[in-house]
Enquirer: 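If you scroll down you'll find the structure; I have some questions about it.
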Protein chains: 2
Amino acid sequence: MDGARDVAAGRPTLRQVAAEAGVSLKTASRVLNGHPHVTEATAARVRQAADRLGFRLNRIARELRSGATSTSVGLIISDLANPFYSRIARGAERVLRAGGLQLVTASTDEDAEQERSLVEELLERRVRALLLVPSAADHGYLAAERGRTPVVFLDRPPVNLDADTVLVDNRAGARAAVAHLLAGGHRRIGLVGDLSRLSTHRERMAGFADAMSDAGITFWQRYVRADSHDAATATRSTAELLAVDPPPTALFTTNNVNTAGALRALADRADPPALVGFDDFDLADVLGITVVGNEPEEMGRIAAEMVVARLAGDHTPARTVVLPTKLVPRGSGER
Amino acid sequence: MDGARDVAAGRPTLRQVAAEAGVSLKTASRVLNGHPHVTEATAARVRQAADRLGFRLNRIARELRSGATSTSVGLIISDLANPFYSRIARGAERVLRAGGLQLVTASTDEDAEQERSLVEELLERRVRALLLVPSAADHGYLAAERGRTPVVFLDRPPVNLDADTVLVDNRAGARAAVAHLLAGGHRRIGLVGDLSRLSTHRERMAGFADAMSDAGITFWQRYVRADSHDAATATRSTAELLAVDPPPTALFTTNNVNTAGALRALADRADPPALVGFDDFDLADVLGITVVGNEPEEMGRIAAEMVVARLAGDHTPARTVVLPTKLVPRGSGER
DNA sequence: TTGAAAGCGCTAACAC
DNA sequence: GTGTTAGCGCTTTCAA
């Protein structure tokens, strides 16, 4: 019973190549791995045999034996279809690929249970490292991985765990956005926010409060709508805000999806409120939407570089990188 | 020298768990895999030992031995950051995950060499199947995989290979788009197209020619600009077209990226030409852009379902699914 | 109910 | 330059 797996799939093993070429297993291995100390004649025989049989090395077996762990890195995000996250993935992919690593992606839909089972699954699959946009409320469950698998948190910090983290300066960004609206003379500013439990939302909310407080405005609660995690909900929340009496004269939407949703609610208004959105997005320039810009590719890149460094033996304490945001005025925030 | 890999990483092996629990390797394996014929008492001892040691099963080793091949499926696309492809990825991910499979993604940047080396790498890693948006001009190199690894082509058909394929009806979609503009009274219609070598571009080009020919218009070559594969190039191509004398009164942009690029060129025009774009995109509704809509998630879903069926033993001949498009009038195509 | 031995496909030692 | 042996971490006979 030879080669239960590969052979069953009609795939030749190294042993068969060796037999076909009339050499030992080890010699075939040497040739196919480009190791020295083989005559060109034998090498050629082996290569021919491999081609004839359509041989393809089994890296999994190789890695198991050679003690190298796999060359894949897991990326767990909430939704691959959201450009913010797919751009993170892209940024990470570039760096990882350059380091000979492969990206395994998985979406959680903001579900903590899903996050845990995905982490579990990827660790069992022995990914070399994990990039994680967390959804869980606690990451103590990852404590046992310390010193085993590098984990880098993205966009949101870990809870109950000391780990490398790449964040955006949410609070300062939100504060700048709202300050910008206040500077434009607005006083009744509405907020369309993400799920209250997300740290990004809470930080942006805090930045909003900071700016309002700086301006001496205290009664803004009625203009706040949180827990919009999809565009349709954001559209409804926005419509609700506009129906408040008196209505807000400006809006702050706390992420790309909510900005899109709000824009739909404003589309048919003759005199839309001013708008600043957190997160830049495609065509915001054409639409003339003022945003608090950030660079997801950059986040992915930095996180991946942290991973590569850790894998290369960097044992310094966990670092947190906080990326600055940049207010990009494009018209909607200046009306 | 025990456990070169996992042990080096400080990770306990099943053998260590067994030793800790005072049972044999096999018994520990049985317990941790939920196999029957173990007393609850021994089972409990094993589980405690596993918890104490922080044991995590090594699926790679398991799969190697048990003859099961890996549970990952490779997805090779041109650019993960392009929403069209990330939505494909998302659609595929859902189906695969439900089937217990994991998605490994990689971007080619439209480079044929990159495609080949990624395919090679993923096959060596023994992915169970491959989803491929091809960039190469020839796929004969995949012929040897017949009967070994299911391959499903997405968005573009294979060349020199018989394989499952999921396409969009590019020609009919383009024809409908251009017919729509013609019906609006336009005669000088410009086209901003993708790389000429891409089948999608050629098909959409053919649909354009069909419609023009139907309308008895033959001199349209001067209004065609191909080889725009990024938004900036599309913006330039569009500006060039508008500078032709007499300028086109309408534009057909052949994909989402080119549509975005064209919109930038039109942004500051007082009297912009009509526009229909191939591919729907986020906020096209808010911008009022008429498009030939398609559904990338659906493509990913169908392709993944084909993969799942093949893995379940479907040996019927290769199928090609061609998805219809739908013209969505939103204003820009009707002016 | 439990365990010993064999072996997945490959590479690292160490011989020859 | 080439081959033999052992063994990665696990599961699968098959026997006890």
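Lettering follows sequence order; numbering is per chain, from 1.
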Enquirer: Report the nucleotide, chosen from D/dC10, D/dT11, C/dG9, that has the shortest atom-to-atom distance to any side-chain atom of A/N58.
Expert: C/dG9
Enquirer: Is A/E120 paired with A/R116 through a side-chain N to carboxylate O contact shorter than 4.0 Å?
Expert: no
Enquirer: What I want to check is whether the side chains of B/S70 and B/E63 have a donor and an acceptor closer together than 3.5 Å.
Expert: no
Enquirer: For A/T149 and A/R126, does a side-chain donor sit closer than 3.5 Å to a side-chain acceptor?
Expert: no
Enquirer: To the nearest 10°, let me know how far the axis at one end of the helix from C/dT1-D/dA16 to C/dC16-D/dG1 is tilted from the axis at the other, five pairs an end.
Expert: 40°
Enquirer: In terms of side-chain heavy atoms of B/R65, which of D/dC8, C/dC10, D/dT12 is nearest?
Expert: D/dT12
Enquirer: Can you figure out which of C/dT11, D/dT2, C/dG9 approaches the side chain of A/H37 most closely?
Expert: D/dT2
Enquirer: Look at the side chain of B/T39 and decide which nucleotide, out of C/dT2, D/dG9, D/dG1, has an atom nearest to it.
Expert: C/dT2
Enquirer: Could you go over nucleotides 3-5 of chain D and give all protein N or O partners under 3.5 Å, atom names and distances?
Expert:
residue : atom : partner : partner atom : Å
D/dG3   : OP2  : A/S24   : N            : 2.9
D/dG3   : OP2  : A/S24   : OG           : 3.3
D/dG3   : OP2  : A/T27   : OG1          : 2.7
D/dG3   : N7   : A/R30   : NH2          : 3.0

Enquirer: Separation of B/E124 atom CD from C/dT11 atom P, in whole Å?
Expert: 10 Å
Enquirer: Between P on D/dC10 and CZ on B/R56, what's the gap in Å once rounded to a whole number?
Expert: 13 Å
Enquirer: Below 4.0 angstrom, N of the basic side chain to O of the carboxylate: do A/E124 and B/R59 qualify?
Expert: yes
Enquirer: Should B/D109 and A/R90 count as an ion pair when the cut-off is N to O under 4.0 Å?
Expert: yes
Enquirer: Using distance alone, with no hydrogens and no angle criterion, decide if B/E115 and B/H139 have a side-chain donor and acceptor under 3.5 Å apart.
Expert: yes
Enquirer: Does a donor on one side chain and an acceptor on the other come within less than 3.5 Å for B/S135 and B/T108?
Expert: yes
Enquirer: Taking A/N33 for the side chain and A/H35 for the main chain, is one N or O donor matched with an acceptor at less than 3.5 Å?
Expert: no
Enquirer: Do we see a donor-acceptor contact under 3.5 Å between the side chains of B/R125 and A/T71?
Expert: yes
Enquirer: Give me the residues of residues 40-55 of chain B where at least one heavy atom lies under 4.0 Å from an atom of DNA chain D, by number, or none.
Expert: B/F55
Enquirer: So for atom CZ, which belongs to B/R197, do other residues, nucleotides or ligands contribute more than 12 heavy atoms lying within a distance under 6.0 Å?
Expert: yes
